[in-house]
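One structure is given here, and the rest of the page talks about it.
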Amino acid sequence: MAQVKNKQVLLKHYVSGFPKESDLNIVDSTINLKLPEGSNDTVLVKNLYLSCDPYMRTLMSDPKASINPRAYVPQSPLTGYGVSKVVESGHKDYKEGDIVWGITNWEEYSLIPAAQIHFKIEHTDVPLSYYTGILGMPGMTAYAGFFEVGATKKGENVFVSAASGAVDLLKNKFGYDEAINYKEEQDLNATLKRHFPEGIDVYFENVGGKTLDAVLLNMRLQGRIPVCGMISQYNLTQPEGVTNLAHIVYKRVRLQGFIVADYYHLYGKFLEFVLPHIREGKVVYVEDIAEGLEKGPEALVGIFSGKNVGKQVLVVARE
């Protein structure tokens, strides 16, 4: 079969500080839409939707000076979570036309090891883009952190830190009891005491730094802190310290980092839990859609300055 054009988003060079659109390059390559001979356990896919996620920033740094031992290769396509359609498969579990989600490249077509595919998508009555977010890695992360690591129980006080958008959006649309804009708070400790006079039972940690320091002062006895990210630290050349760690001892707080991949064995259970809520309209979910790979650099860089409202999704093709 003749080769076809294959637009790609490449990392120009390792990044220090906040990433810029100019750190990424859009190039036109070509790909043969036929598996090479002997490509067992390899799958050729057409990428449909790509996920813009904060962890990707850690992969842009030189691994010698990064918190993440893995790193992108300069002048190579970015990789990340995505929804793809199988064009041809060298693996027995996948066939032409299957829709899958897992790790793929930031390009129109990708030749990937079958091991990078996490799951075949069976439920297509919901938007396929949801598998980059609420039904994909981010949703599974929330489920594992909240229920498995945080062991959250009904009636407990929960605080979630994240770059979540406007306060009125969180309260009026998403239904949170309270929301704060940390950028407008002079004294985060006092603010947390006002909102949590009895203290915090579960703190879902996504931010780190000064936020974590203030939370430690407000945790309750036997509190839990599931840690899945620290976005406030990803763009710093000198990470911030945390000064209130002694409260973990005296309040018997359990602080546990986790990686979502450790919980993918619960994915079926997760879908059984969340799909009915989505179908019945009980879950409010918002996407920020960017159309076309050429919008990739802007979409990805924008999540680090809060430009997106909702889950940032990059549309490569709509099947």
Go through the steps for Phe18 and Phe304 under the test ring pair (Phe, Tyr, Trp, His ring centres under 6.0 Å), then give the verdict. CA-CA 8 Å; Phe18 274 85; Phe304 298 103; 7.4 Å; no
Name all residues meeting the ring-ring contact (aromatic ring centres under 6.0 Å, His included) criterion together with Tyr55; count only those two or more places apart in sequence or in a different chain, and write none if there are none. none
Other than Leu10, which residues form its hydrophobic cluster under the rule that side-chain heavy atoms must be closer than 4.5 Å? Val27
Run the ring-centre check on Tyr267 versus Trp101 and record whether the distance is less than 6.0 Å. yes
Flag yes if Val83 and Val43 sit in one hydrophobic cluster, no otherwise; membership is Ile, Leu, Val, Met, Phe, Trp, Tyr, and two members link when side-chain heavy atoms are under 4.5 Å apart. no
Just how far is it from atom CZ of Phe270 to atom CD1 of Ile134, taken to the nearest 0.5 Å? 6.5 Å
Please answer: with hydrophobic residues joined when any side-chain heavy atoms are less than 4.5 Å apart, are Val301 and Leu314 in the same cluster? no
Residues that Tyr94 engages under ring-ring contact (aromatic ring centres under 6.0 Å, His included), provided they are two or more places apart: His91
Less than 3.5 Å apart, which donor and acceptor atoms pair up between the side chains of residues 249-259 and the rest of the protein, not counting sequence neighbours?
residue	atom	partner	partner atom	Å
Lys251	NZ	Leu216	O	3.3
Lys251	NZ	Leu217	O	2.9
Lys251	NZ	Met219	O	3.3
Arg252	NH1	Tyr250	O	2.7
Arg254	NH1	Val149	O	3.2
Arg254	NH1	Gln256	OE1	2.9
Arg254	NH2	Val149	O	3.0

Holding to salt bridge (charged side-chain N to carboxylate O under 4.0 Å, His left out), I want the full list of residues that pass it with Glu178, two or more places apart in sequence or in another chain. Lys171
I would like to know whether Thr104 and Asn47 meet side-chain hydrogen bond (donor to acceptor under 3.5 Å, both in side chains); could you show each step before the answer? CA-CA 8 Å; Thr104 189; Asn47 295 314; 2.8 Å; yes
Are Tyr264 and Ile117 connected in a single hydrophobic cluster, I mean Ile/Leu/Val/Met/Phe/Trp/Tyr linked by side-chain heavy atoms less than 4.5 Å apart? no
With sequence neighbours excluded, tell me which residues meet salt bridge (charged side-chain N to carboxylate O under 4.0 Å, His left out) with Asp187. none
Using a 3.5 Å distance criterion without hydrogens, assess whether the side chain of Glu156 forms a donor-acceptor pair with backbone atoms of Asp201. no
To the nearest 0.5 Å, how far apart are CG in Asn40 and OG in Ser89? 10.0 Å
Just to verify, what does Tyr203 make a ring-ring contact (aromatic ring centres under 6.0 Å, His included) with, not counting sequence neighbours? Phe159
So for atom NZ, which belongs to Lys307, do other residues, nucleotides or ligands contribute more than 12 heavy atoms lying within a distance under 6.0 Å? no
Residues in salt bridge (charged side-chain N to carboxylate O under 4.0 Å, His left out) contact with Lys20, at least two apart in sequence or another chain: Asp23
Across all chains, not counting sequence neighbours, the ring-ring contact (aromatic ring centres under 6.0 Å, His included) partners of Tyr81 are His118
For a quick test of your reading: what N or O donor-acceptor pairs under 3.5 Å do the side chains of residues 286-294 make, sequence neighbours left out?
residue	atom	partner	partner atom	Å
Glu287	OE1	Ser129	OG	3.2
Glu287	OE2	Ser129	OG	2.8
Asp288	OD2	Val309	N	2.9
Glu291	OE2	Arg318	NH2	2.4

Between Arg279 and His277 (side chain of the first, backbone of the second, donor and acceptor by atom type, cut-off under 3.5 Å), is there such a pair? no
Below 4.0 angstrom, N of the basic side chain to O of the carboxylate: do Lys269 and Glu272 qualify? no
Can you find a side-chain donor-acceptor pair between Asn189 and Asn218 that sits under 3.5 Å? yes
Looking at residues at least two apart in the chain, or sitting in another chain, which of them share a salt bridge (charged side-chain N to carboxylate O under 4.0 Å, His left out) with Asp53? Lys311
Reported OG1-to-CE distance for the pair Thr79 and Met56, which is rounded to 0.5 angstrom: 6.5 Å
Residues in side chain to side chain donor-acceptor pair (under 3.5 Å) with Asn6, at least two apart? Glu107
In terms of hydrophobic clustering (I, L, V, M, F, W, Y; side-chain heavy atoms under 4.5 Å; direct or indirect links), are Ile303 and Val207 co-clustered? yes
